[in-house]
Amino acid sequence: MRTFRLVIACPDRVGIVAKVSNVLAAYNGWITEANHHSDNLSNWFFMRHEIRADSLPFDADGLRTAFAPIAAEFSMDWRVSDSAERKKVVLMASRESHCLADLLHRWHSGELDCEITSVISNHDDLRSMVEWHGIAFHHVPVDPQDKMPAFAEVTRLIEEQQADCIVLARYMQILPPELCQRYANRVINIHHSFLPSFVGARPYHQAAQRGVKLIGATCHYVTEELDAGPIIEQDVVRITHRNNAEDMVRLGKDVEKMVLSRGLRYHLEDRVLVHDNKTVVFS
Ligand SMILES: Nc1nc2c(c(=O)[nH]1)N[C@@H](CN(C=O)c1ccc(C(=O)N[C@@H](CCC(=O)O)C(=O)O)cc1)CN2
């Protein structure tokens with residue numbers, strides 16, 4: 001069923017839920033899902049409503065126009081999205097294939113409702129797998145001595161495809177600040193550790209050195225600061241003294257795939273709200 005998603009974050013006060021519910025009811029809006037969260041650390045309030053599109057007398061733009069006065073009254077950060085408008089997604093990878101293959105399969109089987117406009121990689125290894133799915137593959141090598149030409153081309157491709165979201169599926173290059181700022185809270189990364197533990201490169205080898213009993217994966221929005229962006233989803237798997245770093249790499253791959261696909265699905269369904277470098281996820 002086609003729905004409009006109304007997502008709101010604002011300073012907390014009495015009357016927000018009543019006001020939003022009443023304005024939707026005044027237009028005969030049929031709410032199919034409602035989520036609220038009052039955050040006592042930030043004193044901000046977060047809401048996500050799904051409304052049946054066929055219950056309202058206008059389209060998504062009409063809802064935006066009708067809701068704008070309420071949003072202004074409550075100083076809301078807000079957005080309206082239409083479930084019928086599939087988000088355009090650019091995937092980025094390097095040599096590791098497991099996360100990319102998993103997302104391509106979930107998309108190909110219809111599980112991920114989005115339009116994958118292309119895959120961009122700094123290596124050519126994964127071309128055949130991507131093109132088998134009928135998706136364009138762009139090989140954009142990165143010169144370690146001068147990375148800017150490569151990221152200018154990456155940015156050009158992303159803009160040309162009018163991407164709504166970029167997913168780093170084990171893309172092993174640090175994005176420049178300009179790209180992070182331009183696509184704030186729209187670049188999703190999978191880091192192969194349970195952040196904030198083991199940021200940076202080779203986290204499984206760091207974990208083996210430390211002797212941990214859990215390893216994990218973290219899906220987060222990309223910011224200029226490495227592996228420090230708002231966390232969207234995480235999970236872990238148990239390991240023991242019998243597991244070396246190679247075992248952890250193997251065991252970790254399943255967690256990475258699960259966490260990245262969950263995080264992307266939450267983003268595609270407009271379930272993630274960001275405030276103060278943290279998220280509220282109405283999963
Ligand atoms: N601006 C950001 N870029 C990226 C982030 C991020 O949080 N902010 N996450 C990384 C992913 N990542 C770990 O999950 C990671 C990737 C790459 C490196 C790194 O040191 N790369 C070297 C090059 C390595 C190579 O050539 O193989 C580098 O970029 O100089 C560390 C962590 C994705 N990007």
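Counting starts at 1 for both ligands and their atoms, following the listed order. Numbers here simply count residues along the sequence, with the first being 1. As the structure is a computational prediction, the values presented were derived from the model and not from experiment.
- The shortest N or O to N or O distance between Gln173 and ligand 1 is under 3.5 Å.
- Within 6.0 Å of CH2 on Trp78 lie more than 12 heavy atoms contributed by other residues, nucleotides or ligands.
- For the residue pair Gln173/Lys147, the side-chain donor-acceptor check at 3.5 Å is satisfied.
- The closest non-hydrogen atom to atom 10 (C) of ligand 1, taken over Val187, Val199, Asn189, comes from Asn189.
- Atom numbering of ligand 1 starts at 1 in the shown order; those under 4.0 Å from a heavy atom of Cys180 are 1 (N).
- Looking only at heavy atoms of the protein, atom 18 (C) of ligand 1 is closest to Ile174 CG1, 3.9 Å.
- In terms of modelled atom types and a separation under 3.5 Å, the side chain of Ser193 and the main chain of Ser197 share a donor-acceptor contact.
- Under 4.0 angstrom from ligand 1, the non-hydrogen atoms of Leu168 all belong to its side chain.
- Looking at Pro177 against ligand 1, nothing comes within 4.0 Å, counting heavy atoms.
- Under 4.0 Å from ligand 1, the heavy atoms of Lys147 that appear belong solely to its side chain.
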Ring pair (Phe, Tyr, Trp, His ring centres under 6.0 Å) evaluation trace for His192 with Phe198: CA-CA 9 Å; His192 38 312; Phe198 312 134; over 10 Å; no

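- For atom 8 (N) of ligand 1, the closest non-hydrogen atom on the protein side is Thr223 O, 2.9 Å.
- For the residues Leu195, Leu175, Leu226, the heavy atom positioned nearest atom 3 (N) of ligand 1 is part of Leu175.
- Among protein heavy atoms, atom 7 (O) of ligand 1 sits closest to Asp227 N, 2.7 Å.
- Contact between Gly229 and ligand 1 is absent, with no heavy atom of the residue lying under 4.0 Å from the ligand.
- Classified by interplanar angle (parallel below 30°, tilted 30° to 60°, perpendicular above 60°), the ring pair Tyr171/Phe151 is perpendicular.
- Met172 O, 3.5 Å is the protein heavy atom nearest to atom 24 (C) of ligand 1.
- In this structure, Arg170 does not count as a contact residue of ligand 1, since none of its heavy atoms falls inside 4.0 Å of the ligand.
- Shown in contact with His220 at under 4.0 Å from a heavy atom are these atoms of ligand 1, numbered in order with element: 7 (O).
- By the 6.0 Å and 45° rule, Arg13 does not stack over the aromatic ring of Phe45.
- For Arg202, the CZ atom sits in a loose shell: 12 or fewer heavy atoms of surrounding residues, nucleotides or ligands are nearer than 6.0 Å.
- Where the criterion is an N or O separation shorter than 3.5 Å, residue side chain and backbone included, His192 fails it with respect to ligand 1.
- A distance-only check finds no donor-acceptor pair linking the side chain of His267 to the backbone of Gly263 [under 3.5 Å].
- Using a 30° and 60° split on the angle between ring planes, His36 and His49 fall in the tilted class, from 30° to 60°.
- Of the protein's heavy atoms, His191 ND1, 2.8 Å lies nearest to atom 14 (O) of ligand 1.
- Not one N or O on the side chain of Thr279 forms a donor-acceptor pair closer than 3.5 Å with the backbone of Val281.
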